[in-house]
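Right, one structure below, let's go through it.
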Amino acid sequence: MQEAMISKAKALLADGTVTRVIGWKRGEFVYDVTPAVFESAQELDEGFVYDDFTAANVSKYLIKESRKEGKILCFLKPCDTYSFNQLIKEHRIIRENVYIVGIPSDGKLDAEKIKSKGITGILSAQRDGDTVKVETLYGIETLPLADAMLEKCLSCKSKKHVIYDELIGEDGEVIDSDRFDMVEKLENMTAEERFEFWRSELSKCIRCNACRNVCPACSCEKCVFDNPQSGVENKAPADSFEENMFHIIRAFHVAGRCTDCGECSRVCPQNIPLHLLNRKFIKDINSLYGEYQAGEDTTSRSPLTNYDTEDCEPKIVHERGVE
Amino acid sequence: MLKIAIDSLGELFGKIASAQTLYIPADRPDGEAEYRKYEPGMKLTGRLNTVRSAKDFFFPQTESLVDFKVEGKNIEVIDPRKECEDFVVFGVRACDARSFTILDKVFLADPVDSYYKNRRDHGTIVTMACTRPAETCFCGTFGIDATAPEGDAACFSDGESIFFKANNDKGQRFIDSISSLLEEGDTAKLDEVQSKTREILKKLPLAALSTENFGGDKLNEYFNSDKWGELSESCLGCGTCTFVCPTCQCYDIKDFDTGHGIKRFRCWDSCMYSDFTKMAHGNPRLTQLERFRQRFMHKLVYFPKNNDGEFGCVGCGRCLSKCPISMNIVKVMKALEEK
Amino acid sequence: MQRIGVFVCHCGTNIAATVDVKAVAEALSHEPGVVVSQDYQYMCSESGQNLVKDAIKEHKLTGIVICSCSPRMHENTFRKAAAAAGLNPYLVEIANVREQCSWIHKDIATATDKAVILGKAAVAKVHLNAPLTSMESPVVKRALVIGGGIAGIQTALDIAEAGFDVDIVEKQPTIGGKMAQIDKTFPTLDCAACILTPKMVEAAQNEKIHIHSFSEVTDVKGFVGNFTVTIKKKARYVDETKCTGCGLCTEKCPMKKVPNEFNMGLDNRTAIYIPFAQAVPKVATIDPNYCLMMKTGKCGVCSKMCSVGAIDYKQQDQLIEEKYGAIVVATGFNPIKLDKFDEFAYSHSPDVVTSLELERLMNAAGPNGGTLLRPSDKKHPHTIVFVQCVGSRCDDEKGKPYCSKICCMYTAKHAMLIREKYPDTEVYVFYIDVRTPGKNFDEFYRRAVEQYNVHYIKGMVGKVTPKSDGQLDVQASDLLANEQLHINADMVVLAAAIEPDKTARPLATMLTTQMDTNDFFTEAHPKLRPVESATAGIFLSGACQGPKDIPETVAQASAAAAKAIGLLCKNSITCNPCVAQSDELMCNGCSSCEKVCPYGAITYTDKEFRMPDRTTAIRRVASVNPAVCQGCGACTVACPSGAMDLKGFSNSQIMAEVDAICK
Amino acid sequence: MQVNDNKDFQPTIVAFCCNWCSYAGADLSGTNRLNYPTNVKIIRVPCSCRVNPMFILRAFQRGADGVIICGCHPGDCHYTSGNYYARRRMTLLFSMLDYLGIERDRTRVEWVSAAEGQKFAKTMNEFTEAVRKLGPNRRLEDLRCRKQ
């Protein structure tokens, strides 16, 4: 795949379709790839990489990149295309300045997750069917694929590209995913248990803002949490601010716009399952206001800027689920 | 050397905790490790290091500086500080141990930061030599010996026992306080473990990384390097690297209106943030490039320039693991070295 | 530094009996920024107001808080008083310590505590109040009526009567609309043409009314008092100013096989035509789809016949732009298409007709000169079956969920007229319910049943099948008798549901007015503002807002006119200054606010900004038109970055109140 | 459920009322001298759609024990559609708070028209009682703001 992408990129650079390519650049280790812009065939040959660790969603970079001179080529995985579309809808990306090549993805590995299984000194990692073989400083370790795969890929919602100029490989389908299982599990806990669960997770927050800064839906010029005028500005974890304000408000602000790309949880240095907040909103929206997938198109009204006169009353919250 | 069987660590921790607050690195359900206040039954983590460094105990992410109690039109000023109680941080790695040398240069230099000093005076750092360094480790680059950590007292494990060594008076007092549980032991096996570890350290992927091309005299050369644009291009401007870093020490001072008054507190800040050191006139570093450059120039050039060649990095590798887009000091060093 | 005055009203004993007003004044005097805190017997009295005014001047107050009755009662009083003393009226806040405190509580201690908290919240808010100035926006003294049916005509006549210029835009070659096609009207049975055509003529002759027939609205910009509308005058290939309507061309035109829309396609017209004899304007129009000259370049008969030289085969569509202060929508309705109702054989048999087609079949100016004949063989029908609710009150997607309202009455009218004129004809009406609310309506229906012996059968028609003998087999159920019926009918008349005109939805988009799911325009308030749209300056007339009969339409048309006149009478509009405001530096241009604005007050523009990284960039940012914004605040919550805020109820003001209450 | 019904607990309750219906309804319950607890303090907003979830969280942060939002009945909004948006926003917010383990009875939305003084008073009596039973809000408060 990587070779096909590089030759595609070279061809598009050569025929002048694009002037730059955004992709991923090889790092020091097998897993530390960095999103990067390539401007020549040589740069592509030297550093372009697409493998089991190229998980970063590059859509958000296109806000900035699409405003630069010349057209840019981006390689988008199925999940990334949803983010891209949503940003088009919000007038954040200039579509004409981007050439999209859709690329397939069969899930990415998570070095942090592998490390959390006690594996250290990672030198390489190879997928082999349902297992992953990890070569380390201390020998070879094998672990089940599910234990090494990114959470967001384990509950992938779609292998379909919702926007592209061309595809490498076959397009996939929307998947019947089990992504709401954990939300449901939480819903079925008692309020006390839910409180304990979220308190223990959210209290780990160090307010590094990685979740916000990586989030394609969080593209505000100035975030309310950075704006002293907003009344909710806050820089560091203070008492219960993150638990009671930051993560709730952030999830609410992206509700109806979050495509469930899973980047928030991927980047959280404290492994807080932030996607479970967004998924709760998605699940509620689906069940209360009809199925809605943000980013699926560029024209539909998001559920929170829409209504139906027959919508349910807020007291439905009091009437269902577990208290 | 004095030692205790690993099986008896619980007893040791119990004894320490009975005299003062004890923090040890313990496992979290998600597989990461964090420092926790010791409670009976708690076990040392098997992970090499914690997500948050030992810095937090001496320079917490937020702390109250002064309170103003407002009643109608009256304002009363209250000092929220209390005399710190003695505490022990156990199991600090060599890299984190060195971070205190760096933090001390900032906070204990004149004018002394009394909040920090209060905690330094009352805290005992007990370090633990590494036996299984990770691929992200590069403490050796900064002259740190992972097998001989600094700190008030150091511990060494041979897999069966933990050996103790005092590095200073405070460390000696600590060892004395637990000496009833310790016994003299043979270090033959430990020596073997140590030399094995040293072999691994030499083979680490980043073992060759050197600071020889960095330091206070490189300001002009690197400040204007054209590499910064490419390096900072993908930076999200989040604070992950800063907040997991054991040596980052920048803070902001803010007021919080509680409704009854004002709490003036300081909190960690990150030079990667767009409002870092924002002043009345605006922001001195307007682009992410400038902010990104600031972080690495500070660690590799400005800090050694102002602190007798001491670099602002200890090679713990946290930022290598945690940066959302995997940009880090190692990549920066290597890129700047490329001519 | 703020200098705030607090004034606590006793309201006689209304407040003072349960709230210790002196204690409230004393407590609030210690709040930050408060420089004077007083209580008084009746703050709203002249002497009370003077007390406030004097304090404003004496203490150079920058804001005042009145602890008194509800702001709904006296907010304006105190705003005026403040203005009189030189303080911006929007620097006044009211703490409602009567309706929401003294009147609902009995215990003096707790009521006083609460009054103090309410006062503190008001003080906290007023700290953040900004002086606001009401904008004045001039009103263009001209109205536009879109649609020239009876609704549009009536509205235009009333507006013109009040002395304002008014333009009618009608997409057909003539005004008159559906009413012109109707034969008789219920419940009085007067001839529709006899009452409509004088109004059409009156409209044509009124020098304040300007009729743009054969025209469409293509663009609407602006806002209340100041709309700019682009009207497309479609080419009719006849110079309106020259044509005298003599009709010679229509007689001589060789192309005579054009389906006649006015008679619902039941007969033919010529390629150059005047829709009907009383058309206004009485001007010919060439149908380019049929005109031989236009299609083949060979003919030109009309041009040769025309003595005034009005024929112009090269005429082009023309765009004109006009400014209006008010717009009245009167786009009316149409019967729905019946292609989804195959069971009634509408498309298979010419003898199955809609009610509107029946109107033409019975009309003296219709295809049969007023004699009711079966379309297929022009024979006199002896049995006619009427089917009600065809597509109305329909559960599935074939039809409409609503009641079309007029069908019950016009069917009774049709039945009665047929029985009157042709007593030998049997008339059956199949209905779900007969709905006759309206003056003299039920009496009318009863006459049909009792005097004219129309057979009303509660039940559904299941199927209409054309038979080989030319008759129609109507299979139906009688729900009351609980039996299946077969009727051999000569004609079947379908009461097709009515729906808004197809042009309504694109028009609503242009006007930024709201529509319901059935494409009827939504009124500003279902009870209290039935003829206004939620968008200021846009009014609703007739069936575009919902099914209506003629008297209702006319009533609403006049009501809409009255509202439009009320607007046009003003030289300028004072806008509510408590409107949304976008901080362009923070705006992302995401359009969330625009989507929730019920008034279309938010627009986006690309503007050049100096960015934090010293570059300049073109950014898409929202701006609010303060003349259109009504200040609901929906946008402020939709905006994730907080770029949108509401003056007078800003985020910081509301949070200050929250803080004061919770502390 | 707590056994203690917190008889002596005086909750702080913030009520956001839309200017056109519910605030007028509140006035009407005053005019009719219909009693409801002093715990309820009303904040006037132009429309229920002006209520930002941040205001609600802010109230809880600052120690409110219950927050209620009142607006025109659906279909009667002065601004035609404001309460429809509010209804969606509040449904989702309340659902999220519930998901986070916050007591459900601390939040409520009620549609109260300008004529429903009785309903306003009844609603406030019920809501206050429900919140009183829950006891002080400990889960959403910010300790820095707690009354000393």
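Lettering follows sequence order; numbering is per chain, from 1. Note that this is a predicted model, so its numbers are computed, not measured.
Environment of CD in A:E196: crowded, with over 12 heavy atoms of neighbouring residues, nucleotides or ligands closer than 6.0 Å. Enclosure of atom NZ in A:K159 by more than 12 non-hydrogen atoms of other residues, nucleotides or ligands within 6.0 angstrom is indicated. In the displayed structure, A:K160 atom NZ is contacted under 6.0 Å by at most 12 heavy atoms of other residues, nucleotides or ligands.
Between chain D and the residues A:L202, A:T305, A:V224, the largest count of heavy-atom pairs under 4.5 Å involves A:T305. Between chain A and the options D:P53, D:P74, D:A86, the largest number of non-hydrogen pairs under 4.5 Å is found for D:P53. Among the candidates D:L100, D:L93, D:L57, the residue making the largest number of heavy-atom pairs closer than 4.5 Å to chain A is D:L100. Ranked by heavy-atom pairs under 4.5 Å with chain D, the first of A:N306, A:I316, A:L186 is A:N306.
Only the side chain of D:L97 comes within less than 4.5 Å of a heavy atom of chain A; its backbone N, CA, C and O stay farther away. Both the backbone and the side chain of A:E313 come within less than 4.5 Å of a heavy atom of chain D. Heavy atoms closer than 4.5 Å to chain A are found nowhere in D:E110, neither backbone nor side chain. Of the two parts of A:L288, only the side chain, counted from C-beta on, holds a non-hydrogen atom closer than 4.5 Å to a non-hydrogen atom of chain D. For A:E310, the part sitting under 4.5 Å from any heavy atom of chain D is the backbone (N, CA, C, O) and nothing else. For chain D, the nearby parts of A:L304 are the backbone and the side chain; heavy atoms of each come within less than 4.5 Å.
Taking the side chain as every heavy atom from C-beta outward, A:F195 and D:R139 approach each other to under 4.5 Å. Within the 4.5 Å cutoff, side-chain heavy atoms of A:F252 are placed close to those of D:R89. Contact check for A:D284 versus D:M96: no side-chain heavy atoms found under the 4.5 Å cut-off. No side-chain heavy atom of A:N244 sits under 4.5 Å from any side-chain heavy atom of D:Q61.
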Is there a side chain to side chain contact (heavy atoms under 4.5 Å, CB included) between D:D98 and A:R194? Walk through the geometry before answering.
CA-CA 9 Å; D:D98 179 49; A:R194 286 196 297 270; 3.1 Å; yes
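The closest donor-acceptor contact from the side chain of D:R87 to the backbone of A:D308 lies under 3.5 Å. Looking only at distances, a side-chain donor or acceptor of A:S240 sits under 3.5 Å from a matching main-chain atom of D:E141. Proximity of a side-chain donor or acceptor of D:R58 to a complementary backbone N or O of A:G231 within less than 3.5 Å is detected.
D:Y99 OH to A:L277 CG: the interatomic distance, rounded to the nearest 0.5 Å, is 6.5 Å. To the nearest 0.5 Å, atoms CG (D:D142) and CG (A:N234) are separated by 8.5 Å.
Relative orientation of the D:Y84 and A:Y307 rings is parallel, given thresholds of 30° and 60° on the angle between their planes.
What you find for D:T91 and A:V317 is that their closest heavy atoms are O-CG2, 3.5 Å.
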